[in-house]
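Beneath this line is the structure, given in structure tokens, with notes to follow.
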Amino acid sequence: MTPTSTDSNLSMQQFALLLLRLVVVSIFLYHGFPKAINWAMAGEKFIGFGLPGFLGPITGIVEVIASVLILIGIQNFWANWVLVAIMAGEIATVQFPKAFSEGAYIAGLERDLMILVACAVSAAFGPGAFALKQR
């Protein structure tokens, strides 16, 4: 049986979703793990943003748990939507106020919007290849 263009497109889509999943996981583990293990640092960071300090460690723990779920490919939909909510909160409480207070373009805003969209796409289309649960 020879592969058709549809088979090729499907495998490319699965590969692209896998790459998206790995990038999202690496970003959230990189930023979430320090918050999850160093509660004092996380609390101070959140207080610096004008948020309650207890949210720092909680956010870090949630980011790590959601990332692990996404990495192994279970609860992909819900884990990604939790990360979308975290990113939306980060944009609303950190990026927008920073952009308005500095009155200038802030590169972090566009980065965070891309991460938010990546999580939404991953939630909508599934984890891609090499996941324990495909949908």
Is a side-chain donor or acceptor of N80 paired with a backbone partner of N76 at a separation under 3.5 angstrom? yes

Nearest 0.5 angstrom please: I65 CD1 to Q75 CD, how far? 12.5 Å

When clusters are formed by joining ILVMFWY residues with side-chain heavy atoms under 4.5 Å apart, either directly or through shared neighbours, do L51 and F100 land in the same one? yes

Solution key, residues 81-93 side-chain donor-acceptor pairs under 3.5 Å, sequence neighbours excluded:
from	atom 1	to	atom 2	distance (Å)
E90	OE2	Q95	NE2	3.4
T93	OG1	G89	O	2.7

Between F28 and I115, is there a side-chain heavy-atom distance shorter than 4.5 Å? yes

hydrophobic_cluster_shared for F15 and V23, side chain cutoff 4.5 Å: no

Taking all non-hydrogen atoms of both residues, which atom of A131 and which atom of G73 are closest, and how far apart? CB-CA, 3.7 Å

Sub-4.5 Å side-chain heavy-atom contact between L116 and D112: no

Rounded to the nearest 0.5 Å, how far apart are CD1 of I72 and OG of S67? 11.5 Å

List the atom of A36, the atom of V64, and the distance in Å for their closest heavy-atom pair. CB-CG2, 4.1 Å

Would you say that P57 contacts K35 through its side chain, given a criterion of any heavy-atom pair below 4.5 Å between the two side chains? no

Same cluster or not: L113 versus F96, using hydrophobic residues (I, L, V, M, F, W, Y) connected whenever any side-chain heavy atoms lie under 4.5 Å apart? yes

State the CG-CZ distance between L20 and F125, to the nearest 0.5 angstrom. 10.5 Å

Could you tell me the separation between the CD1 atom of I47 and the CG atom of L55, rounded to the nearest 0.5 Å? 10.0 Å

Taking side-chain contact (heavy atoms from CB on, under 4.5 Å) as the criterion, tell me which of V24, L19, L18 meets it with R21. L18

Within the distance-only criterion (no hydrogens, no angle test), does the side chain of S26 pair as donor or acceptor with the backbone N or O of L22 below 3.5 angstrom? yes

Should V94 and M41 be counted in the same cluster of Ile, Leu, Val, Met, Phe, Trp and Tyr side chains packed under 4.5 Å apart? no

Through direct or indirect side-chain contacts below 4.5 angstrom among Ile, Leu, Val, Met, Phe, Trp and Tyr, which residues connect to M114? none

Measuring from atom OG1 of T59 to atom NE2 of H31, what distance do you get when rounded to the nearest 0.5 angstrom? 13.5 Å

Hey, what do you get for CH2 (W39) to CD1 (I58), rounding to the nearest 0.5 Å? 8.0 Å

Are I61 and Y30 connected into the same hydrophobic cluster when the rule is that any two of I, L, V, M, F, W, Y join if their side-chain heavy atoms are below 4.5 Å apart? no

